[in-house]
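Working notes, structure below.
Keep in mind that the numbers below use all heavy atoms, side chains included, and drop hydrogens, waters and symmetry copies.
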Amino acid sequence: MKNSEPLRGFTGERRYTLRSVPPLPAPVAAALKAGRLTHAVCLEAASPALLRDTALGLAGALLCRQGGGSMCGQCPACRKVLTGAHPDLLLYDPDEDKDIYKKESLRRLRAELFCTPVEAPAKAVILQMAERMTPEGQNLLLKIIEEPPEDTFFILTCTNRYRLLPTVLSRVTCCSLPPAGDADCLERMRRLAPGRSEEELSRALIRCGGSPETGAALLRDAAVQKRYAAAEEMLAGLAMANPYRVLAAAAPLEKDRAAYTALLETLAGLLANPTLREIYNLPVQSAARCRARIAPLLQMCERNAYLPLVTALLTSRCRR
């Protein structure tokens with residue numbers, strides 16, 4: 001596909017321009033080429049836009065008439081994927097429809113999947129931001145992916161895989177996408193948050209984890225800046241095995257459940273940030289262990305747990 005040729009695509013009612021299909025992760029591309037791709041893949045990245053585009057690229061590769069394990073972008077099937085017109089591509093996006101992951105919608109999905117493909121030899125289902133499903137919704141999804149219809153592929157995307165139930169994770173192949181390159185990320189941040197100094201952009205670049213959307217929010221929103229500063233202080237405390245530092249950073253946000261929940265989500269994102277892990281000398285395995293243990297704490301927040309207790313549990317469970 002020519003990178004200079006813009007292609008029109010959409011999710012739901014919202015249109016965007018896809019200048020090129022992002023490269024698929026090497027393990028996924030190799031499995032596609034060899035015809036060994038599992039029926040359920042979970043893509044993880046900090047940037048929802050990167051996840052959406054990569055998921056569409058993978059769906060296009062599955063439905064492409066040219067074959068070869070990649071999306072050609074030129075055949076009728078690829079063109080229909082890029083314009084949202086392919087009848088064998090189902091895309092669920094909670095940013096477009098906040099009710100899309102309710103029980104009724106997931107039951108309709110199951111019914112749709114058992115219909116014969118219209119054009120392609122297979123169906124592709126993209127479940128964008130799958131971690132937003134409730135545990136009940138994830139259990140409904142589990143029933144579908146445990147016994148999928150023949151030639152049906154599921155592509156889940158998430159910013160934090162550990163928000164998925166362990167039973168769901170055990171039945172999908174997880175793959176983390178590399179973050180956007182610094183140059184690309186800076187260019188997009190400049191477009192999203194114009195008028196910022198190079199020093200401001202550099203600080204945001206370190207903390208955004210390769211997500212231009214996050215970087216722009218850090219540049220524009222004082223509340224986001226405050227939350228990221230608290231989350232980074234918590235990360236530093238975890239890296240140094242200093243529970244007081246974690247407790248002190250979390251305390252100001254423990255009076256607001258929504259803000260506290262966002263703080264834990266932010267901390268999980270920072271733990272996946274290789275630049276910050278290097279700055280604070282936090283081993284990859286320790287960071288992964290902390291991320292995994294934040295997920296049940298988020299569920300405790302949703303059940304109205306006492307937030308200072310949640311912070312205390314975080315410090316006890318994530319010691320190096």
For this session: Could you walk me through whether Leu37 and Val28 pass side-chain contact (heavy atoms from CB on, under 4.5 Å), step by step?
Result: CA-CA 7 Å; Leu37 186 71; Val28 173; 4.1 Å; yes

For this session: Would you please test Glu213 and Ser211 for side chain to side chain donor-acceptor pair (under 3.5 Å) and show each step?
Result: CA-CA 5 Å; Glu213 304 95 329; Ser211 170; 3.0 Å; yes

For this session: Give the C-alpha distance, both sets of side-chain angles, the deciding distance and a yes or no for side-chain contact (heavy atoms from CB on, under 4.5 Å) between Ile155 and Val125.
Result: CA-CA 6 Å; Ile155 307 167; Val125 183; over 6 Å; no

Exercise. Do Leu238 and Leu282 pass the side-chain contact (heavy atoms from CB on, under 4.5 Å) test, and can you show the C-alpha distance, the side-chain angles, and the key distance before you say yes or no?
Worked result: CA-CA 8 Å; Leu238 292 172; Leu282 182 61; 5.6 Å; no

Exercise. Yes or no on side-chain contact (heavy atoms from CB on, under 4.5 Å) for Leu314 and Arg293, after CA distance, side-chain angles and deciding distance?
Worked result: CA-CA 8 Å; Leu314 174 66; Arg293 290 174 176 173; over 6 Å; no

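Side-chain atoms of Arg257 come within 3.5 Å of backbone N or O of Ala305 as a donor-acceptor pair. The backbone N or O of Leu140 lies less than 3.5 Å from no partner atom in the side chain of Lys103, so there is not a single donor-acceptor pair. The main-chain N or O of Pro135 is found under 3.5 Å from a side-chain atom of Asn139 such that the two form a donor-acceptor pair. Thr54 places no side-chain N or O within donor-acceptor distance of the main-chain N or O of Leu51, the cut-off being under 3.5 Å. Listed for the Glu96 side chain is no donor-acceptor partner under 3.5 Å among the backbone atoms of Asp93. The closest donor-acceptor contact from the side chain of Tyr260 to the backbone of Ala251 lies at 3.5 Å or more, if one exists at all. Panel note: side chain Glu131, backbone Thr159; a donor-acceptor pair is recorded below 3.5 Å. Judged by distance alone, with hydrogens and angles left aside, the side-chain atoms of Asp88 form a donor-acceptor pair with the main-chain N or O of Val118 at under 3.5 Å. Of the possible donor and acceptor atoms, none in the side chain of Gln66 sits under 3.5 Å from a partner among the backbone N and O of Cys72. Checked by atom type and distance alone, the side chain of Glu44 never pairs as donor or acceptor with a backbone atom of Cys158 at under 3.5 Å.
Under the 4.5 Å side-chain criterion, counting only non-hydrogen atoms from C-beta, Val310 is in contact with Cys301. You'll find the side chain of Gln74 stays beyond 4.5 Å of the side chain of Arg65, heavy atoms only. Counting heavy atoms from C-beta outward, Leu298 and Pro296 have side chains that stay 4.5 Å or more apart. Using a 4.5 Å heavy-atom threshold, the side chains of Pro25 and Leu177 count as touching. Side-chain atoms of Ser70 and Cys64, non-hydrogen and from C-beta on, never get closer than 4.5 Å to each other. With contacts defined as side-chain heavy-atom distances shorter than 4.5 Å, the pair Leu90/Leu113 qualifies. Using a 4.5 Å heavy-atom threshold, the side chains of Asn160 and Arg291 count as touching. Looking at Leu63 and Leu89, their side chains come closer than 4.5 Å, going by heavy atoms from C-beta outward.
Taking OH of Tyr101 as the reference point, atom CG of Leu127 lies at 4.5 Å (rounded to 0.5 Å). Taking CG of Leu309 as the start and CG of Leu297 as the end, the distance is 9.0 Å to the nearest 0.5 Å. How far CZ of Arg196 is from OG of Ser202: 14.0 Å, rounded to the nearest 0.5 Å. Rounding to the nearest 0.5 Å gives a distance of 11.0 Å between CD of Gln225 and CZ of Arg220. From Tyr92, atom OH reaches atom CG of Asp97 across 9.5 Å, with rounding to the nearest 0.5 Å. Considering OH of Tyr162 and CG of Leu271, their distance stands at 10.5 Å, rounded to 0.5 Å.
Closest approach of Leu32 and Ala61 over heavy atoms only: CD1-CB, 3.8 Å. Shortest non-hydrogen contact noted between Gly57 and Leu24 is C-CD2, 4.1 Å. Closest of all the heavy-atom pairs between Arg163 and Glu302 is NH2-OE2, 2.8 Å. Heavy-atom minimum distance, Ile294 versus Leu264: CG2-O, 3.9 Å. Nearest heavy atom pair, residue Gly60 against residue Met71, reads CA-SD, 3.7 Å. Smallest separation of non-hydrogen atoms from Phe153 and Ala122: CE1-CB, 4.0 Å.
Summarising the local packing, CD of Glu136 is surrounded by 12 or fewer heavy atoms from other residues, nucleotides or ligands at distances under 6.0 Å. Applying the 6.0 Å contact sphere to CZ of Arg191 captures more than 12 heavy atoms from other residues, nucleotides or ligands.
Under the 4.0 Å criterion applied to side-chain N and carboxylate O atoms, Glu112 and Lys123 are not assigned as salt-bridge partners. Arg227 and Asp221 are not joined by a salt bridge, as no carboxylate oxygen comes within less than 4.0 angstrom of a charged side-chain nitrogen.
Between Tyr244 and Thr315, the side chains place no donor N or O within less than 3.5 Å of an acceptor N or O (distance only, hydrogens not considered). At a cut-off of 3.5 Å, with distance as the only test, no side-chain donor of Arg277 or Ser286 sits close to an acceptor on the other residue.
Note on Leu164: it does not cluster hydrophobically with Leu43, by side-chain heavy-atom contacts below 4.5 Å among ILVMFWY residues. Linking Ile, Leu, Val, Met, Phe, Trp and Tyr residues whenever their side-chain heavy atoms come within less than 4.5 Å places Leu58 and Leu50 in a single cluster. Hydrophobic cluster membership differs between Ile126 and Leu106, with clusters built from Ile, Leu, Val, Met, Phe, Trp and Tyr side chains linked at under 4.5 angstrom. Following chains of ILVMFWY side-chain contacts shorter than 4.5 Å, one cannot reach Leu169 starting from Val41, and the two form parts of different hydrophobic clusters. Under the 4.5 Å side-chain heavy-atom criterion for grouping Ile, Leu, Val, Met, Phe, Trp and Tyr, Leu247 is not connected to Leu263 through any hydrophobic cluster.
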Donor-acceptor contacts under 3.5 Å from residues 229-237 side chains, at least two apart:
residue	atom	partner	partner atom	Å
Glu232	OE1	Arg207	NE	2.7
Glu232	OE2	Arg207	NH2	3.4
Glu232	OE2	Tyr280	OH	2.7
Glu233	OE1	Arg245	NH2	3.4
Glu233	OE2	Arg245	NE	2.6

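Annotation: salt bridge (Lys or Arg N to Asp or Glu O under 4.0 Å) contacts of Glu147 (sequence neighbours excluded): none. Legend: residues meeting salt bridge (Lys or Arg N to Asp or Glu O under 4.0 Å) with Arg171, ordered by chain and number and at least two apart, are Glu146. Applying the salt bridge (Lys or Arg N to Asp or Glu O under 4.0 Å) rule to Glu254 yields no partners; only residues at least two apart in sequence or on another chain are considered. In this structure, Lys33 has no salt bridge (Lys or Arg N to Asp or Glu O under 4.0 Å) partners at least two apart in sequence or on a different chain.
Residue Leu205 belongs to a hydrophobic cluster whose other members are Leu186, Met189, Leu201, Leu219, with links defined by side-chain heavy atoms closer than 4.5 Å.
Using bins of under 30°, 30° to 60° and over 60° for the plane-to-plane angle, the ring pair Phe154/His39 lands in the perpendicular bin.
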